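In the text below, chain A, chain B and the rest are named by the order of the sequence lines, each starting its count at 1. Computed from a predicted model, the values in this text were never measured in an experiment.
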Amino acid sequence: MSDKIIISLKDGSQREYPIATTGYQIAEDISRRLAKDAIAVKLDDKVVDLHLPLSKGGQMEILTFDSEEGQEIFRHSSSHILAQAVQNLFPGTKLGIGPAIQSGFYYDFDLEHKFTPEDLEKIEKEMERIVKEDISYERKEMDRQEAIEFFKCRGEEYKVELIQDLPEDTVISLYNQGEFIDLCAGPHVPSTGSIKAVKLTSIAGAYWRGSENNKMLQRIYGISFPKKQALEDYLFKLEEAKKRDHRKLGAQLELYSIMDEGPGFPFFFPKGMILRNQLENFWREEHNKAGYQEIKTPIILNQSLWETSGHWEHYRNNMYVTEIDDQDFAVKPMNCPGGMLVYGSKMHSYRDLPVRMGELGLVHRHELSGALHGLMRVRCFTQDDAHIFMLPSQIKDEIVGVIELVDKFYKLFGFSYHVELSTKPEKAMGSDEIWDKATEALREALEQKGMDYIVNEGDGAFYGPKIDFHLRDCLDRTWQCGTIQLDFLMPDKFNLSYIGEDGQKHRPVMIHRVVFGSIERFIGILTEHYAGAFPAWLAPVQVKVLPITDRHVEYAEKVLQKLKAANVRAEIDKRNEKIGYKIREGQMQKIPYLLVVGDKEAEADMVAVRKRGEGDLGSKGLDSFIEAISIEISEKK
RNA sequence: GCCGACAUAGCUCAAUUGGCAGAGCAGCUGACUUGUAAUCAGCAGGUUGCGGGUUCGAGUCCCAUUGUCGGCUCCA
């Protein structure tokens, strides 16, 4: 074996180093400047710690904070500093885990003292002190027993548990900066000095290992950057993002609100209803085109139905129940059983399949109080549900059809989304064979559409596996919206059938699917996506007419009537205010078009058009304005 | 449900160690008749989330409760 390693660089050049040279030394040799920013190196696309002596050469790339992997390592190193600071200030604190997350890092702690916001400031100061000391991160390896003993002696029971659960062949590594030492797979930045800006953002409770049966630890969240300015930019962006919060905008724009009188039960105001009705109209048009029929099923149905569907057994804790004439009833948490009854109410021929039955159905679910979140997580919501009953041979095509429909909807709004495939949960009905078959069908449809997806093992519904479509809110939290769930069980339970070519009864296969998911949630996401500036076809008020003085009101009314006659949602601001004041208000209400009318316009049947985001466009003929906005609305631009 | 923080006028926020609840915006009234992001003046607006307690005195301190926010768990 050679005692040299050969490193080739991106530009094609090659260099030779003695074996066991560390990544850091090589990075430093390649470029002094780069070495300062270097966080780790990638050797043949595998991330390697800068501290590790290399045993083989290969294609090398130096990772900095600019890369996603670099950021993750950087944040993870920050979490170690957080842990060190906390242990310095609160001796005896036991450590949980401290990973990097998408927007920073956290560390879980177990201690008697309850962290306060003032503590965060102190901890931040201590972190800054550690950063200033510029202590090197060092790596050492231990065998399993040695490591267990080591952490036992230090009273780190959670670390001991983690080690015991590591697979047998894992190399157990520890990292330390100065006195502080932690179980860690690495890699890390060269030294604490790299972390130039740190901000602890919040304290929260979190169950050890994510299980509510375990002790609740205290979690501190933070964010860090290699430059002070980057932190300031981040905080500024965060403030800007918060202005898009649908809860804030919903109230400001008088769209919807959740009141203390009905926690989790949203109110829709007149303007919010316009938005909602536009979405529903669009939904009906598209589903009609795609061969769906619409039904409506009752909100309250008797207990035996829920026993048949399995909801009573699996979902009862989340259902609202009531008693009518000494009989138990439940408010529907899902629309499916109603849909099953409608399908079962008549005979179906194989020639009629697939039957696609849609329902904008209002469902109620008793969600935990702590889970509620604006319109995103509520206790009553409208699902744009549909159940498709089909022949086994039609499964893939139908799933593909739904995927295409979802994509068409989300593209219209300009959403980017990600897809997840969820498989059989522990608490599930039906055999493994059925589940495998159903899961395979979903997988095939995704592959056929060439879609990337994440697999969530054990995350399916109790009656079948599912494909979920996830959208992001203003703070990058993702919310499940669309979903496609394959269900081999419900048709069985409801004894549904169709008459096949052979004249015999057969069991249809069914999918549940939603596109918006919850109309309420979708409106929440839409509000944040557009920051309240809805495109004209959705905007509650599309045009506001602003007469300059009292004597222009008459003409303004005429303009208003003409707009209304052309089905444009228009309002007039007749108040005795200056034009600048009316414009300011119209802009803040995010109305797509403001029409200023004064003497010039009244004389020639004109309107001065001010477009949201573009400002004053000058005067235009009223008729040509109406024509243009009508096209914009009908084309949903 | 769990952990923590918060709750003052319609909205955004003040109120010193416990000592007379206040401002801007919005609303109403009046004047001004206005040309592209706030005209001026006046008026009105409150059981400080709700319920207890400590105190001569509570928006402020303590207890309980409801709701909200940030997480955890759960979930569309």
Side-chain angles (χ1 to χ4, degrees), chain A residues 101 106 108 114-117 119-120 201-221 242 245 247-248 251-252 254 258-264 315 317-318 333-334 363 365-385 422 459 461 466 468-471 475 477 479-483 485 512-522 524-525 546-553 575-589 594-601 608-611 615-619:
Chain A
I101 51 175
Y106 68 78
D108 286 344
K114 303 281 180 210
F115 289 128
T116 64
D119 290 335
L120 286 195
T201 50
S202 65
I203 314 163
Y207 299 109
W208 167 238
R209 304 195 115 181
S211 166
E212 59 182 330
N213 303 318
N214 290 341
K215 183 167 183 182
M216 185 165 263
L217 309 179
Q218 297 185 69
R219 175 171 298 176
I220 296 181
Y221 286 91
K242 281 183 183 162
D245 191 312
R247 293 166 297 196
K248 214 178 177 109
Q252 250 169 43
E254 297 173 15
I258 295 187
M259 315 211 193
D260 290 358
E261 290 79 356
Y315 209 75
N317 289 341
N318 285 323
M334 294 177 193
V363 299
R365 300 179 182 180
H366 186 73
E367 301 295 349
L368 294 175
S369 58
L372 302 180
H373 183 103
L375 287 190
M376 306 297 201
R377 190 78 184 278
V378 290
R379 284 179 172 155
C380 82
F381 59 99
T382 305
Q383 284 183 311
D384 62 318
D385 220 337
S422 299
D459 224 21
K466 57 179 186 173
D468 295 328
F469 298 81
H470 294 251
L471 297 174
L475 292 178
R477 294 174 288 211
W479 298 92
Q480 178 181 320
C481 289
T483 161
Q485 309 183 349
H512 312 250
R513 42 110 288 174
V514 289
V515 180
F516 291 139
S518 139
I519 298 201
E520 288 75 5
R521 175 178 289 181
F522 200 81
I525 301 257
L546 313 179
I548 289 177
T549 73
D550 286 353
R551 69 173 186 280
H552 306 113
V553 168
R575 289 175 309 171
N576 187 5
E577 296 289 353
K578 284 191 164 178
I579 196 66
Y581 181 86
K582 296 184 187 184
I583 285 170
R584 178 180 150 83
E585 215 158 83
Q587 292 289 104
M588 289 199 307
Q589 287 166 4
L594 300 176
L595 301 183
V596 175
V597 296
D599 290 333
K600 272 188 284 178
E601 288 75 22
V609 179
R610 187 186 171 101
K611 188 173 182 180
D616 190 357
L617 301 183
S619 288

- Query: Do any side-chain nitrogens or oxygens of A:His373 fall under 4.0 Å of OP1 or OP2 in B:C75?
  - Reply: no
- Message: Once you apply a heavy-atom cut-off of 4.0 Å, does A:Gln383 come out as touching a base, just sugar-phosphate, or nothing?
- Response: nothing
- Answer with base, sugar-phosphate or nothing: what part of the nucleic acid does A:Glu254 contact at a heavy-atom distance below 4.0 Å? nothing
- Name all residues meeting the ring pair (Phe, Tyr, Trp, His ring centres under 6.0 Å) criterion together with A:Phe469; count only those two or more places apart in sequence or in a different chain, and write none if there are none. A:Tyr417
- Message: Regarding B:G1, can its base be found pairing with the side chain of A:Tyr207 as donor and acceptor, where the two atoms are less than 3.5 Å apart?
- Response: yes
- Please work out if A:Ala204 contacts a base, only the sugar-phosphate, or nothing of the nucleic acid, heavy-atom cut-off 4.0 Å. base
Could you pull out the protein-nucleic contacts involving nucleotides 62-68 of chain B (nitrogen or oxygen on both sides, under 3.5 Å)?
unit_1	atom_1	unit_2	atom_2	d
B:G67	O2'	A:Asp260	OD1	2.6

- Message: So A:Thr483, base contact, sugar-phosphate only, or nothing? Heavy-atom distance under 4.0 Å.
- Response: nothing
- Task: Assign A:Ala251 to base, sugar-phosphate, or nothing according to its heavy-atom contacts below 4.0 angstrom with the strands shown.
- Result: nothing
- Message: Check the phosphate of B:G71 against A:Arg477, side-chain N and O only, distance under 4.0 Å to OP1 or OP2. Yes or no?
- Response: yes
- Task: Specify the residue among A:Val378 and A:Ser619 whose closest nucleotide of RNA chain B lies further upstream toward the 5′ end.
- Result: A:Ser619
- For A:Glu520 and A:Thr382, work out which heavy atoms get closest and say how close. OE1-N, 2.8 Å
- Atom CD1 of A:Ile548 to atom C1' of B:G35: distance rounded to whole Å? 4 Å
- Has the side chain of A:Gln218 got a donor or acceptor atom sitting under 3.5 Å from an opposite partner on the base of B:G71? no
- Task: Could you tell me whether A:Lys611 contacts a base, only the sugar-phosphate backbone, or nothing, with contacts defined as non-hydrogen atoms closer than 4.0 Å?
- Result: nothing
- Is the shortest side-chain N/O distance from A:Arg377 to OP1 or OP2 of B:C74 below 4.0 Å? no
- Item | Atom-to-atom span, CD of A:Glu585 to P of B:U39 - whole angstrom | 11 Å
- Query: Across the strands shown, which category fits A:Gly482 at heavy-atom distances under 4.0 angstrom: base, sugar-phosphate, nothing?
  - Reply: nothing
- Could you tell me whether A:Arg575 and A:Glu585 have a side-chain N and a carboxylate O separated by less than 4.0 Å? yes
- Closest-nucleotide ordering on RNA chain B, the 5'-leading residue of A:Ala371 and A:Ser211: A:Ala371
- Message: What contact category does A:Gly517 fall into here, base, sugar-phosphate, or nothing, at under 4.0 angstrom with non-hydrogen atoms?
- Response: nothing
Show each protein N/O and nucleotides 41-51 of chain B N/O combination with a separation under 3.5 Å, one pair to a line.
none

- Contact class for A:Arg610 (heavy atom, under 4.0 Å): base, sugar-phosphate, or nothing? base
- Task: Looking at every strand, decide which applies to A:Lys114 at a 4.0 Å heavy-atom threshold: base, sugar-phosphate, or nothing.
- Result: sugar-phosphate
- What nucleic acid atoms does A:Tyr221 come within less than 4.0 Å of, heavy atoms only: base, sugar-phosphate, or nothing? sugar-phosphate
- Task: Pick base, sugar-phosphate or nothing for A:Ile579, based on heavy-atom distances below 4.0 Å to the nucleic acid.
- Result: sugar-phosphate
- Query: What nucleic acid atoms does A:Asp468 come within less than 4.0 Å of, heavy atoms only: base, sugar-phosphate, or nothing?
  - Reply: nothing
